[in-house]
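This report concerns only the one structure given below.
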Amino acid sequence: MLVLAMVWHRRGQSVTLALLALLAVASAVAAPAYLIAADRAVAAGQIATAATGELSLTVRAVQDAMTGDGPGDDFADLGGTLIALPGFTYYYSAETPTVGLEKTDRDPTRLVFRQDACSHVRIVAGRCLFGEGDVLLGERTADRLGLAPGAAITLASAVPDNSGGVPRFVPAGEPKTLTVAGIYTPRSPGETYWGRHGYFVTSLGFAGEPVLTTSMTLPAMDVVRTEMAIDGIAAPGALDVDRLDRLRAELRRLDASAAELDQTLQIDTDIPRLLDRIDEGRAGAALLVPVLAVPLVLLACFSIHLTVGYGAEGRQSELAVVALRGARWWSRWWLATGESLVAVLAGALAGCLAGQLLITAVVAFRFPGVGPAADWSSLRYAPIATLIALLAAVAAQRRQLTRPVAGLLRRIPGPGAGRVPYAEAVLLVLAVVAGAQLVLSGGSLTGVGLFAPAFTLLILALLASRTVLPVIGRIAAGALRRGRLGPALAGLQLTRRPGASRLFALLAAAAAVAGYAGCAVDTAVQGRDAQARLSAGAERVLTVQPVSGRQLLDAVRAADPAGTWAMAVTQLPGGGLAVDSTRLAAVAYGPFPTLDQIRPSVVEPVTVTGPELAIDVTSDSDRLRLSVLVSSSAGEASVDVGELRRGWQTYRQRPEVCRAGCRITGVEIGGSGRARVTGRVIIHSLGDRWLASERGTLSAAPEGVTVRADVNPAYAEVVRLRPAGVPDPLPIAYAGEVPVAITGLAEQPIPVAAVATLPVVPSLGRHAYVADLSYAGLLAAGTKRAQQPQVWLNAAAPADAQARLAAHGLTVVDDTGASAIRDRLDRQGPALSLGFYLLAAVLATLLGTGALVLTVAVDRGRRAEDLVAMRVQGLRRGVAGQATFWTYPVLVSAAVLVGMLVGLAGWWATGWALPLAGVHPPDLPLPGRPRAGVLLWWGGGILAPYLLAAVLGGRDLQRRL
């Protein structure tokens with residue numbers, strides 16, 4: 001009862017101590033509870049941003065009527081049995097290649113049955129499918145071929161034929177007449193419903209639109225080859241975070257049973273990739289959260305130790321009376337510690353609930369719709385934290401339990417007190433050991449290395465307190481000698497009080513933990529932004545359907561004639577990037593070379609205003625052939641002029657791509673027959689700025705370009721001319737190792753000249769190169785299409801940018817960029833787990849504020865007695881006011897400044913090991929330190945509650961005086 005009476009008598013201190021214990025246990029509960037919620041949020045975020053292949057599963061089979069291979073009519077039942085995953089919606093599809101609709105036989109028409117297709121297309125003319133023989137044509141296909149609903153088309157099953165040296169498709173079955181029931185356009189070409197079949201991908205310039213039909217049509221046709229598939233599309237909730245383990249087990253079952261059911265079945269899915277990414281995100285969160293949870297719990301116990309010790313010093317006179325009366329050791333022990341232990345135990349019990357409620361509130365705000373999934377496992381560290389808090393409370397009063405009565409009555413420490421800092425020595429050893437393991441393990445946050453940040457921050461804060469307070473004491477002594485009594489008394493109060501160094505160390509440690517959290521959060525934000533920028537290359541990246549480099553370049557320049565928001569980009573063989581270098585500075589994120597580095601001269605190719613291409617040629621041989629390479633926004637083509645006749649002749653052609661004009665990008669001179677051919681050719685109408693390959697010699701003459709050719713037609717040897725305005729070798733900027741030449745772009749390797757080095761090539765990485773798209777297009781052989789053509793847009797791109805590009809012949813098939821990548825990164829484990837760092841910074845600041853409030857409450861009685869005695873001796877009112885008001889503001893300001901510096905030092909020592917970019921970070925130059933401006937604002941936020949508590953405490957003491 002006496003202990004309870006003591007608690008009630010000093011209920012303000014008891015409540016404060018209970019709150020500190022609550023924060024200690026709540027921190028121990030909050031870390032695992034937050035980790036559980038972060039795991040769920042990681043899974044939900046990855047599922048929300050998953051690609052189509054990561055949300056579906058496909059069983060494929062091929063039925064070949066000629067060989068009899070395939071599962072036959074049992075495919076639907078067999079495949080459905082195999083992939084009967086709960087929560088998935090299944091769609092059956094079948095298709096066969098046909099010819100007869102298009103004028104060319106290079107690409108077949110895909111005749112497709114897709115279950116429930118009418119629900120996923122919009123009928124722009126006619127009706128949807130009904131019976132056998134009904135088909136739907138794509139809108140662009142119908143416009144191009146001039147077909148309307150009701151028209152009849154004839155299709156025949158086709159097979160590939162390479163006998164002529166040129167791949168083509170030939171009929172292999174009886175033709176069937178079909179009726180165009182309607183014209184359609186897909187509601188969303190990228191919809192998950194369409195699976196991984198690429199129905200709407202353009203091939204060689206033709207609209208990528210399959211001919212849709214009914215399930216009765218294909219069996220009624222003479223079909224040679226049928227590709228069948230069952231697509232399992234994850235319905236809402238099928239990939240719920242609580243069902244992922246079950247889904248993984250089902251996928252393992254599929255792998256084990258697929259071979260047993262039918263050897264011809266193929267299972268295609270990227271769901272395991274999604275699950276692996278979720279696991280990686282969870283692993284990153286599991287490493288990051290404990291890094292700051294450990295120092296937070298230690299800081300809470302340190303605050304309990306400090307405040308209990310400070311309170312025990314304030315009650316030394318009471319304990320002296322107990323000791324003087326000869327109380328037995330257990331009574332003395334209980335009377336000394338019972339008040340603190342009751343408060344700590346009550347706060348610890350409340351902390352178990354408060355920690356979970358805190359995470360519930362944070363998760364409701366941070367991860368809406370995910371839910372914290374409260375679990376008893378979040379309480380697994382609560383008993384440990386409670387025990388440590390109780391031990392800290394007992395250890396803080398060990399001197400009061402062992403001192404004699406004379407020592408308890410002493411107002412200041414006795415001689416020799418505190419000369420052997422055993423705690424600091426042990427903590428220093430632990431910090432060195434943990435840091436050594438962290439370094440030797442290469443940054444592995446396992447074992448003792450996990451505690452390296454916590455031990456480093458705490459030992460640096462303790463060492464700083466032993467260094468800074470003596471400096472403040474010397475400053476106060478100097479102020480006293482100069483007669484400035486107010487600042488002198490304030491400084492001496494800080495340095496002469498027994499618990500001042502411990503309070504300073506606690507406040508500095510709290511600010512260090514919060515500052516370390518700020519370093520991690522800001523560095524991670526910068527890292528995600530840099531990763532998004534360098535991975536994408538621009539704020540928005542549009543991947544378009546295959547076109548030539550010239551088409552891409554002209555279309556983008558036509559859509560953005562001012563060159564302020566769009567840039568054409570393609571990939572080059574060997575890990576290269578071809579860009580419209582005239583727009584680099586306006587559109588792309590750096591680092592990139594400057595314009596004059598990779599585009600030292602302006603190319604002025606010969607242009608044809610025509611639709612007619614007229615070439616004046618004089619030849620002294622009738623066994624030479626001439627081809628002209630032309631390009632325009634309509635495409636590229638190799639125009640075969642034919643065999644040259646002796647003498648001066650004019651050769652005329654009307655290539656399709658030159659209908660609105662074109663440019664000549666190259667000339668090829670070959671031979672006919674099988675014997676070697678030599679001869680001289682004079683080209684009169686193409687100017688004189690040309691370069692020749694090694695099989696010919698070039699000279700300029702008044703009458704035109706003179707080429708001496710020496711080729712062997714049996715080996716397909718030709719003389720190639722390219723514009724002389726293209727630098728030779730091709731200038732490039734590179735990251736990593738400089739390539740010797742570019743192979744695969746032209747018939748012969750293209751030599752390169754490295755003109756600039758880069759730390760990284762955006763969108764490609766540390767081992768890549770950059771060249772000018774115009775130069776690369778003029779050096780490319782023939783009419784090769786661009787690899788992965790893209791249009792990069794900056795933040796100033798208009799809202800209708802995609803429509804403007806479509807108006808110039810570019811069809812967008814994917815829309816991503818830095819914004820989309822940044823959104824995905826913000827949903828991954830490292831980003832989500834750093835929310836706990838913000839929470840830890842708040843809790844650390846609250847711990848420091850609570851300890852400060854309790855210290856001020858305990859200290860004000862003695863300080864008031866001292867100052868009243870000095871007032872009686874003649875101390876002026878203003879000087880006493882300065883001494884009371886400025887003591888704690890100076891203390892907390894110095895502590896926060898030191899704490900932020902300690903946090904920076906701890907970050908420099910251990911922050912490099914934090915997996916802020918994931919367990920397997922990308923090979924990109926990411927920022928490694930926080931921004932100074934952000935840390936200034938962060939430090940101000942930490943200082944504000946400390947100053948508020950210090951100012952209110954000072955004013956309260958002034959009122960008491």
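Quick caveat: nothing in here was measured; it's all calculated off a predicted structure.
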Next item on the list: Verify side-chain contact (heavy atoms from CB on, under 4.5 Å) between Asn794 and Tyr589, making sure each step is shown before the conclusion.
Entry: CA-CA 9 Å; Asn794 60 19; Tyr589 289 136; over 6 Å; no
Item checked: Test log, rule side-chain contact (heavy atoms from CB on, under 4.5 Å), inputs Phe836 and Leu839 -> CA-CA 5 Å; Phe836 182 80; Leu839 179 61; 4.3 Å; yes
Next item on the list: Would you check, one step at a time, whether the test salt bridge (Lys or Arg N to Asp or Glu O under 4.0 Å) holds for Arg277 with Glu54?
Entry: CA-CA 11 Å; Arg277 199 164 63 245; Glu54 297 174 337; 2.8 Å; yes
Next item on the list: Check step by step if side-chain contact (heavy atoms from CB on, under 4.5 Å) holds for Tyr734 and Val752.
Entry: CA-CA 11 Å; Tyr734 70 97; Val752 298; over 6 Å; no
Note to self: Ser819 vs Glu539, test: side chain to side chain donor-acceptor pair (under 3.5 Å). Steps then yes/no.
What the structure shows: CA-CA 6 Å; Ser819 298; Glu539 185 63 22; 2.2 Å; yes
Notebook entry, point to check: Do Leu825 and Gln531 pass the side-chain contact (heavy atoms from CB on, under 4.5 Å) test, and can you show the C-alpha distance, the side-chain angles, and the key distance before you say yes or no?
Noted result: CA-CA 9 Å; Leu825 293 174; Gln531 184 177 345; 3.6 Å; yes
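Among all heavy-atom pairs drawn from Ala566 and Val791, the shortest one is CB-CG1, 4.2 Å. Contact detail for Leu758 and Ala733: the closest heavy-atom pair is CD1-CB, 3.9 Å. Contact between Leu274 and Leu55 at its shortest, heavy atoms only, is CD2-CD2, 4.3 Å. The two atoms that bring Ala285 and Leu35 nearest to each other are O-CD1, 3.4 Å, heavy atoms only. The minimum heavy-atom distance linking Pro927 with Ala530 is given by the pair CD-CB, 3.8 Å. For the residue pair Leu438 and Ala913, the shortest heavy atom distance occurs at CD1-CB, 3.8 Å.
Electrostatic pairing of Asp826 and Arg822 does not count as a salt bridge here, judged by no charged N lying under 4.0 Å from a carboxylate O. The pair Asp560-Arg804 does not count as a salt bridge, with every side-chain nitrogen at least 4.0 angstrom from each carboxylate oxygen.
Using modelled atom types and a 3.5 Å distance limit, the side chains of Tyr34 and Ser833 yield no donor-acceptor pair. Side-chain N/O atoms of Gln788 and Thr543 include no donor and acceptor closer than 3.5 Å.
At most 12 heavy atoms of other shown residues, nucleotides or ligands fall within 6.0 angstrom of atom CZ in Arg929. Within 6.0 Å of the CH2 atom in Trp912, the count of heavy atoms belonging to other residues, nucleotides or ligands exceeds 12.
Leu458 CG to Leu428 CG: the interatomic distance, rounded to the nearest 0.5 Å, is 12.0 Å. Note that CZ of Phe451 is 10.0 Å distant from CG of Leu430, once rounded to the nearest 0.5 Å. Distance check: Asp270 CG to Ser56 OG gives 7.5 Å after rounding to the nearest 0.5 Å. Residue Leu935 holds its CG atom at 9.0 Å from CD1 of Ile942, rounded to the nearest 0.5 Å.
Between Ser581 and Met567 there is no side-chain heavy-atom pair separated by less than 4.5 Å.
With Tyr769 contributing its side chain and Ala754 its backbone, the two residues share no donor-acceptor pair below 3.5 Å. Not one N or O on the side chain of Arg540 forms a donor-acceptor pair closer than 3.5 Å with the backbone of Asp815. Side-chain atoms of Asp276 never come within 3.5 Å of backbone atoms of Glu280 as a donor-acceptor pair (strictly under, hydrogens ignored). With hydrogens and angles disregarded, a donor-acceptor distance shorter than 3.5 Å links the side chain of Asp522 to the backbone of Arg931. Side-chain N or O atoms of Trp907 include one that pairs as donor or acceptor with a backbone N or O of Gly928 at under 3.5 Å. The backbone N or O of Ala568 lies less than 3.5 Å from no partner atom in the side chain of Asp580, so there is not a single donor-acceptor pair.
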